[in-house]
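The structure presented is a predicted model; accordingly, all values stated were derived computationally and were not measured. Below, chain A is the first sequence line, B the second, and so on; all start at residue 1.
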Amino acid sequence: MEIEIRIVSASYRQSDVAVELFGRTRDGYSVTALYFGFRPYFDVVDPDEAYLRAIQNDPEFVKMEDKKLWIRGKFENVKRIYIRSPWKVPDYRGRCPFEVLAADIPFHHRFIYDFDLGSCVRITGEDISDRETSFTTDMVIRVDKIENVSDFNPNLKVLSFDVENEINRENIEDYGKILVIGYSISFQGKTVTGSISGDEQNILHGFVDLIRAEDPDVITGYNIDGYDIPVIKKRMDRYGIKMEIGRDGSIPRRIMNQFWRVHGRLISDTWWSVKRILHPKHESLDYVANMLLGEGKDNIDRLKIEEEWKNRRDEVIAYCIKDADLTLRIFEKMMVLNRLMYMSSVTKLPLDDVANVGTSNYVDSILIRAADRENIGVPMNQHEIKTEEIQGGYVHTIGAGLYSNVIVLDFKSMYPSMIIKYNVCFTTIDPNGDIESPTGVRFLSPEKRKGLIPRILQDLMADRDDVKRKMKAAKSREEREFYDGIQNAIKVLMNTFYGVLASSFYRFTDHKIGSAITAFARETIKGIISTLQAAGNTVIYGDTDSVFVASGGKSTEEAIKRGKDLSERLSKEQGLTLDFQMVLDPFFSHGAKKRYAGRCVYPEDMKGEIIIKGYEVRRTDSFDLQSQALSKVIDFILNRDIDGAIRYADDLIRKVRSGDPSIDIESLVISRTVKEFDSYRANQESLANIRAAKKLIEMGETFVPGMKVSWIVTNAKRTPQEVEPYIYGRELSAKPDWDYYARRLSETLGRVIDVFRSDLGQEHKTARLDSFEPSTDEKKPKEKETPKNSTLDSFF
DNA sequence: TGCCCTCGGGG
DNA sequence: GTGTACGAGGGCA
């Protein structure tokens with residue numbers, strides 16, 4: 001038979017070393033594809049006869065081949081050695097006295113690279129579902145032929161679940177009895193919800209049966225990695241029940257004491273996605289559900305779950321199902337699967353590898369295939385070699401101030417462009433090269449030898465442009481979103497190439513290469529700034545790949561015209577693409593790197609958006625008044641009401657300092673969870689949250705390890721500072737340390753406000769464009785590129 | 001400034 | 001599984 005699937009996950013089984021591919025067809029069938037006969041191998045550089053004799057007599061030995069591989073500038077004789085068992089490769093590579101290449105590539109990746117598979121494949125073979133009964137998929141196929149097909153995004157089945165269990169108050173790690181498991185399953189546009197309750201052993205068996213019967217591609221939930229899965233596992237261990245929820249009947253494995261993986265499915269904790277994608281101020285399910293769906297959790301007191309279970313069992317069950325369902329809807333709203341499928345298409349990796357494995361695998365997947373095609377030796381990842389840090393991007397700042405109609409230009413794919421333009425690659429680095437980096441490293445010119453990475457990036461860039469064209473020509477919204485997702489994934493992949501080259505452990509990393517790339521980039525951006533200045537422009541700010549240019553205080557229309565003009569002219573001059581990104585009016589520069597705010601007035605679809613960088617507006621550990629006040633001050637400034645901002649800040653700080661009754665005590669509360677006291681290693685007494693919890697107990701209040709404890713700082717002059725537990729809705733007996741709160745507020749607000757107090761005097765309402773000495777700075781490597789905006793507008 | 005520890009979510 | 005992978009903040013040296 002012949003069938004087409006998108007690959008969800010790939011693995012192999014030890015019994016007969018069959019490669020397992022798991023996936024879903026367009027019309028919704030789940031499939032296991034088994035490939036027999038693929039063998040693990042590794043490359044040994046120029047081994048001697050004794051080694052080859054010994055290896056040939058080894059019972060694991062299968063065969064060997066002669067290869068000539070390009071290694072560090074020349075071709076070397078290499079033996080490719082095939083053995084029987086993938087899991088024995090680490091042992092063999094460790095015992096080999098010669099240099100070993102490509103011996104750290106997971107077996108299922110090796111298979112995918114060697115067959116050059118993409119994320120969707122056509123499988124031709126025999127249906128062996130009758131013989132292979134341990135799999136939970138609709139069918140099992142023995143692969144005769146496997147080939148790529150153009151990508152499609154099938155409906156994947158997603159199962160979200162939630163556990164309610166009793167709390168073991170003596171030992172929080174030893175979870176109490178499970179009361180109910182609620183679930184919500186989404187597939188082909190329909191959602192089914194339900195619950196499993198009754199005898200605990202039946203619940204646990206019911207959970208395994210549910211997953212095996214439903215056979216979801218994706219399992220999700222809220223904090224399942226850290227809570228629900230460990231709870232189920234611990235309770236199953238007690239009865240000797242096995243959590244056989246893998247598509248091949250295997251049990252989940254814990255990765256790094258953190259994540260869970262299981263053969264054939266993607267375990268994707270919605271909580272992690274929420275953190276990564278939304279960066280919400282609070283990460284609780286209730287908060288996030290309200291934010292995204294306008295609907296929160298049911299009203300059940302989980303700290304008294306046993307009591308609730310006794311008195312209102314049906315409500316607890318409904319609450320449990322609702323948690324699972326809210327989580328599923330959040331998961332779908334964030335379009336986690338779409339993002340993963342795009343990334344999977346572009347990196348040609350299975351969905352679960354894209355979701356779970358580090359980004360160096362993205363590069364591996366593309367680069368190793370290309371290297372293999374050209375007989376370039378693939379070294380192994382380096383084992384934690386500490387090198388000096390790579391100098392980062394160039395940051396250009398000028399005096400603080402409020403500016404009108406500021407033009408923002410930024411380089412399209414700065415680092416990839418540098419790699420292409422200067423032919424930067426481990427295959428071109430050469431002391432006799434014609435291209436010299438500002439760091440003095442030389443690379444061959446493209447005419448002599450075009451580098452492998454520059455070529456790959458060039459192709460990716462062309463692909464991206466092509467996809468963007470298709471996006472513009474798209475006839476439907478779905479089509480446009482599809483192409484937009486793909487082009488964005490290509491962008492991520494391209495930037496990942498720089499990321500791994502700058503890292504300290506990647507297989508193709510070379511410190512000289514990483515630092516050359518950033519040096520070329522700094523030189524380029526400095527050149528742009530000089531050119532702009534020479535032509536009479538004032539560059540207000542610049543960071544790595546962007547420049548902010550004063551438009552001269554003219555109208556927005558003129559700024560737009562000027563921006564387009566500059567972008568066109570400079571792109572042509574530089575042979576690079578300098579995009580005209582936006583016009584900000586006003587733009588507030590703090591005069592320090594990485595801190596500014598502005599309101600977007602162009603382009604049309606970003607109009608009104610507030611861009612805030614560097615000012616942390618939503619720290620979970622700060623008290624509410626702090627973030628509220630900062631937002632308010634920035635608001636005043638962006639409305640050009642400097643006096644208002646100063647007045648507001650001064651007034652507020654004065655009120656707080658004097659303990660004005662208008663200050664809401666609740667806005668000063670700081671909260672944090674407290675675990676079992678024993679679980680803290682050292683100096684428990686120096687942690688404010690622990691002292692608050694202990695005081696709570698002294699006061700005769702409920703404290704359960706794992707509970708969130710709230711407090712007010714009552715005396716910060718002592719070390720450690722004194723705190724008083726705060727119980728919502730109850731009057732606080734102690735007095736807040738008003739000086740402490742005033743000081744923290746003044747620190748936060750002062751960073752913004754002081755700019756206007758110092759040298760700007762009274763004339764700050766119009767932009768000041770002269771008399772500032774630019775200060776420059778080299779930023780630290782690997783800093784976050786994405787601005788943390790204070791709203792979620794940019795996401796939706 | 002950098003290293004190490006902790007939290008966050010969950011009941 | 002031929003793997004080693006959270007992200008940000010705070011305390012402390």
Item to complete: May I ask you to say whether A:Asp58 pairs ionically with A:Lys88, meaning some side-chain N is under 4.0 Å from a carboxylate O?
Response: no

Discussion item. Under 4.0 Å, heavy atoms only, any strand: does A:Tyr41 hit a base, just the sugar-phosphate, or nothing?
Written reply: base

Worksheet item: When rounded to the nearest 0.5 angstrom, what is the spacing between CZ in A:Phe98 and SG in A:Cys96?
Response: 6.5 Å

Practice prompt. Tell me what A:Ile305 touches on the nucleic acid: a base, only sugar-phosphate, or nothing, going by heavy atoms under 4.0 Å.
Written response: sugar-phosphate

Item to complete: Would you indicate which nucleotide in B:dG11, C:dC6, C:dT2 comes nearest to any side-chain atom of A:Trp272?
Response: C:dC6

Worksheet entry | Span that lies between the C1' atom of C:dG9 and that of C:dT4, in whole angstrom | 24 Å

Worksheet item: Taking atom types as modelled, is there a side-chain donor on A:Asp162 or A:Tyr227 under 3.5 Å from an acceptor on the other?
Response: no

Response to the item:
Whole-Å distance, A:Ile277 CD1 to C:dG7 P, equals 12 Å

Worksheet item: Could you give the CG-to-C1' distance, from A:Asn356 to C:dG1, as a whole number of Å?
Response: 14 Å

Discussion item. If I take atom CZ in residue A:Arg93 and atom C1' in nucleotide C:dG1, what distance separates them, rounded to the nearest angstrom?
Written reply: 11 Å

Worksheet, complete the sentence: Between CD1 of A:Ile232 and P of B:dG11 the distance, given in whole Å, is 12 Å

Fill in: Nucleotide nearest A:Asn689 (side chain, heavy atoms from C-beta), chosen from B:dC7, C:dT2, B:dG10
B:dC7

Practice prompt. Answer with base, sugar-phosphate or nothing: what part of the nucleic acid does A:Asn165 contact at a heavy-atom distance below 4.0 Å?
Written response: sugar-phosphate

Fill in: Sugar-phosphate, base or nothing in reach of A:Lys297, heavy atoms under 4.0 Å
sugar-phosphate

Worksheet item: Can you tell which of B:dG11, C:dC6, C:dT2 lies closest to the side chain of A:Pro40?
Response: C:dT2

Worksheet entry | A:Arg247 CZ to A:Glu20 CD distance, which is reported to the nearest 0.5 Å | 11.5 Å

Worksheet item: Any side-chain N or O of A:Arg302 under 4.0 Å from OP1/OP2 of B:dG10?
Response: yes

Discussion item. Which is more 5' along DNA chain B, the nucleotide nearest A:Lys275 or the one nearest A:Glu166? Just name the residue.
Written reply: A:Lys275

Worksheet entry | Closest nucleotide among B:dG10, C:dT2, B:dG11 to the A:Asp323 side chain | B:dG11

Item to complete: With P as the reference atom in both, quote the distance from C:dG7 to B:dG11 in angstrom, rounded to an integer.
Response: 24 Å

Worksheet item: NA contact type, A:Val163, heavy-atom cut-off 4.0 Å: base, sugar-phosphate, or nothing?
Response: sugar-phosphate

Worksheet, complete the sentence: Ranking C:dG7, C:dT2, B:dG11 by distance to the side chain of A:Phe107, first place goes to C:dT2

Worksheet entry | Pairing of A:Lys322 and A:Glu295 as salt bridge, 4.0 angstrom limit | yes

Discussion item. Strictly below 4.0 Å, N to O, side chains only: are A:Lys304 and A:Asp301 in salt-bridge contact?
Written reply: yes

Discussion item. What's A:Asp269 touching, base or sugar-phosphate or nothing? Going by heavy atoms closer than 4.0 Å.
Written reply: nothing

Worksheet item: Considering only C:dC6, B:dG9, B:dG11, which nucleotide approaches the side chain of A:Trp271 most closely?
Response: B:dG9

Worksheet item: For DNA chain B, what residues of residues 250-267 of chain A have any heavy atom nearer than 4.0 Å?
Response: none

Discussion item. Checking contacts here: which listed nucleotide (B:dG10, C:dT2, C:dT4) is nearest the side-chain heavy atoms of A:Pro86?
Written reply: C:dT2

Item to complete: Take atom CZ of A:Arg672 and atom C1' of B:dC5, then tell me their distance rounded to the nearest Å.
Response: 11 Å

Discussion item. Base, sugar-phosphate or nothing for A:Tyr222? Non-hydrogen atoms, less than 4.0 Å.
Written reply: sugar-phosphate

Response to the item:
Rounded to whole Å, the CE-P distance (A:Met380 to C:dG1) equals 18 Å

Fill in: Residues in salt bridge (charged side-chain N to carboxylate O under 4.0 Å, His left out) contact with A:Asp325, at least two apart in sequence or another chain
A:Arg329

Worksheet item: Distance-only, no hydrogens or angles: does the A:Arg254 side chain make a donor-acceptor pair with backbone N or O of A:Trp260 under 3.5 Å?
Response: no

Worksheet entry | For A:Asp353, all residues meeting salt bridge (charged side-chain N to carboxylate O under 4.0 Å, His left out), sequence neighbours excluded | A:Arg261

Worksheet item: A:Asp352 has an atom CG; how far is it from atom P of C:dG1, in whole Å?
Response: 8 Å

Fill in: Whole-Å distance separating the CD1 atom of A:Ile330 from the C1' atom of B:dG10
13 Å

